[in-house]
Amino acid sequence: MSANLRGGARWRYEQNERIAGEFVKASSSAASRGAAAAGLPPPRLSPHPAEEALRLVEARGMCDALCRECVQLGLQRGAPDGAFTRWCFTRMMQVSRAVNDGGDGGNDQEEDPVLPSSPVTDPGLVDELTKAGLTPEAVKQVEKMLADRCRTALQRIRGRRAATLAALAPKVVESTEEEKEDNAPDAPARVDDTLAAVVGQRFGGVTRVVHEHHVVLSFAHDDVSLAVSRHHMDRLYNVFFAGGGSENDFIPRVFCLLARYESLQGDSYQAACPEDVFRFLRTQLGVTHEAFASPLNRSCPSLRLTFSSAFPDVDACFGSVGEFFALSARNFRGGGSIEVNPPFLEEVMLAAVLHILNWLQGADATAATDKAAPLPFSFVVIFPRWDDTPAVEYLRRSKYLRATVALSKREHSYYSGGQHRPGVLEQPGGTVSYTNTLIFVVQNDAGAAKWPFTKQAEAELRAAFRQQQVEPARKRTQDGEGLPPQKRQHR
């Protein structure tokens with residue numbers, strides 16, 4: 001298929017196909033080795049505010065260093081917009097590919113969820129920096145700087161993790177001489193009295209200040225403060241305690257959640273569809289699962305959609321069922337209908353498409369082998385209108401494609417990836433899309449029979465995207481969501 005693309009896109013296609021294809025293959029392998037019920041990879045250790053705060057500080061420092069390096073090398077405007085976030089996503093995929101396939105990602109320590117240090121070249125970053133005007137030598141210098149900063153940051157984070165464990169449970173860290181030796185290079189068991197005093201406090205050292213419309217959570221030891229709207233705090237509170245969470249754990253868990261997503265240093269890749277769209281997908285196409293969401297930008301909880309997310313270790317207590325790439329048809333025993341709105345990054349988009357097509361092919365093949373009726377599966381895939389990207393090409397050529405809907409940026413909107421921040425939800429209709437959008441309905445025959453996408457359905461979908469702009473005020477109060485602050489309990 002790459003031969004049919006323009007010259008500028010062909011190289012990206014070949015590189016991204018390799019990365020995405022290997023990632024999907026490895027993720028499927030990890031799913032088969034996971035828990036029998038969920039098919040998910042083993043979770044990381046429970047996060048702690050002390051570790052997440054430092055990770056955020058390191059990520060911010062790396063993002064700033066990338067901009068400074070690009071300026072020094074001749075790019076007056078610094079690094080291309082979103083370059084650090086895109087680099088994080090791609091490197092996360094590359095390392096996950098190695099770890100999920102039974103390796104260690106090139107390191108002898110547990111891989112970090114955000115800042116991988118494997119020395120694999122990222123073709124997307126190379127392409128971005130080259131197009132921005134850097135020479136090949138300058139691009140290599142930037143890559144080396146990022147890799148060096150990653151290694152240093154990971155040493156500090158691992159040291160903080162060990163120090164936190166030492167402060168909370170010294171006997172665990174100092175249980176054997178072998179463990180002491182393993183932690184010695186970058187994770188000393190001793191911790192300064194200041195950190196020990198902080199992490200031993202209630203809420204893990206996180207302080208909370210409640211304002212009329214938002215809540216501020218702070219970890220003073222690293223001078224990190226994060227704000228979340230009361231609307232989202234209430235959502236998180238309800239889900240957390242519905243799942244059996246404890247009062248003392250809620251505040252530190254919310255802080256870890258906010259810090260982890262803030263570490264990606266970008267909101268533009270995390271936008272969500274308006275609630276009217278989800279209501280349409282739920283009632284008309286039977287959608288019960290969001291493939292790419294987070295506890296901060298998931299659909300209205302009253303719709304009772306399950307969701308996958310990037311960071312199960314911080315997201316699971318707020319309802320996430322794990323990573324989408326670790327799910328398969330066997331997680332949906334009676335079939336399923338899924339909304340797929342991935343980060344608008346070519347590598348992630350292509351990986352999502354390959355996973356979907358493998359999913360449908362596998363479900364049909366299993367039915368043929370078992371001589372049983374195929375289970376119905378349906379995917380509503382939402383992409384920017386990037387016609388020359390491999391992900392779009394794959395879908396357009398797939399036998400499972402049932403319909404394509406094109407929306408111009410003037411007729412639809414999204415909710416911002418930063419919707420949890422104070423003030424963003426003052427415009428309930430969302431933000432008008434900055435790009436044209438393509439919506440693909442991808443189904444096997446059984447799925448198309450169960451959830452047909454008719455011309456009438458297309459008209460209703462277009463109306464759902466538009467309606468949020470026409471009637472913004474009522475939408476989040478219909479199901480008890482978004483009530484005025486004085487009508488909600490202080491958290």
Side-chain angles (χ1 to χ4, degrees), residues 8-9 11-20 22-23 55-56 58-71 73 75 77-97 112-134 138-147 149-150 153 260-272 292 294 297 309-311 323-325 341-353 382-386 388-392 414 416-418 434-435:
W11 180 79
R12 289 201 316 276
Y13 172 88
E14 293 168 349
Q15 297 293 325
N16 293 344
E17 181 181 39
R18 175 183 58 78
I19 293 173
E22 292 176 0
F23 175 69
R55 178 176 290 110
L56 174 54
E58 296 293 343
R60 285 172 171 170
M62 289 182 61
C63 188
D64 291 342
L66 175 61
C67 290
R68 289 196 302 270
E69 188 80 5
C70 288
V71 170
L73 292 172
L75 299 184
R77 299 179 61 182
D81 290 343
F84 179 79
T85 304
R86 203 204 64 79
W87 178 79
C88 281
F89 270 112
T90 304
R91 303 279 284 206
M92 285 160 55
M93 290 175 61
Q94 292 170 333
V95 171
S96 295
R97 182 185 69 229
D112 190 85
V114 176
L115 302 175
S117 59
S118 59
V120 180
T121 297
D122 174 12
L125 181 63
V126 171
D127 195 27
E128 279 190 284
L129 296 178
T130 301
K131 287 182 177 179
L134 292 186
V139 171
K140 290 181 180 179
Q141 184 174 333
V142 172
E143 285 199 301
K144 183 179 184 303
M145 181 275 296
L146 285 175
R149 290 286 302 235
C150 254
R260 179 69 63 82
Y261 281 92
E262 188 73 20
S263 295
L264 289 174
Q265 298 295 296
D267 295 331
S268 60
Y269 300 115
Q270 299 292 310
F292 294 89
S294 80
N297 73 352
S309 62
F311 303 116
E323 296 181 8
F324 173 62
F325 294 109
N341 180 23
F344 287 178
L345 301 166
E346 291 187 27
E347 297 86 350
V348 183
M349 291 162 56
L350 180 57
V353 169
I382 301 171
F383 282 165
R385 187 164 186 172
W386 297 344
D388 64 346
T389 56
V392 171
Y414 290 102
S416 165
Y434 63 87
T435 184

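- In terms of modelled atom types and a separation under 3.5 Å, the side chain of S294 and the main chain of S309 share no donor-acceptor contact.
- With a 4.5 Å cut-off on side-chain heavy atoms, F383 and T389 do not count as touching.
- Taking CD from E143 and CG from L129, the interatomic distance works out to 8.0 Å, rounded to the nearest 0.5 Å.
- Going from atom CG of L75 over to atom CG of L134 covers 4.0 Å, rounded to the nearest 0.5 Å.
- Remark: W87 CH2 to L115 CG distance equals 7.0 Å, nearest 0.5 Å.
- M62 has its side chain within reach of F84: a pair of non-hydrogen atoms, C-beta onward, lies under 4.5 Å apart.
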Applying salt bridge (charged side-chain N to carboxylate O under 4.0 Å, His left out), run through E347 and R86 and close with a yes or a no. CA-CA 9 Å; E347 297 86 350; R86 203 204 64 79; 2.8 Å; yes
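- Separating the CG atom in N341 from the CG atom in N297 is a distance of 8.5 Å, to the nearest 0.5 Å.
- K144 pairs by the salt bridge (Lys or Arg N to Asp or Glu O under 4.0 Å) definition with D148, not counting sequence neighbours.
- Checked against M349 for a side-chain contact (heavy atoms from CB on, under 4.5 Å), the options P384, P390, P343 give a single hit: P384.
- From M145, atom CE reaches atom SG of C150 across 10.0 Å, with rounding to the nearest 0.5 Å.
- The closest side-chain heavy-atom distance from Y414 to I382 is below 4.5 Å.
- By the side chain to side chain contact (heavy atoms under 4.5 Å, CB included) test, R60 is found to be paired with L56, L226, E262, Q265, residues two or more places apart in sequence or in another chain being considered.
- The minimum heavy-atom distance linking G78 with C70 is given by the pair C-CB, 3.7 Å.
- Under the salt bridge (Lys or Arg N to Asp or Glu O under 4.0 Å) criterion, R385 pairs with D387, sequence neighbours left out.
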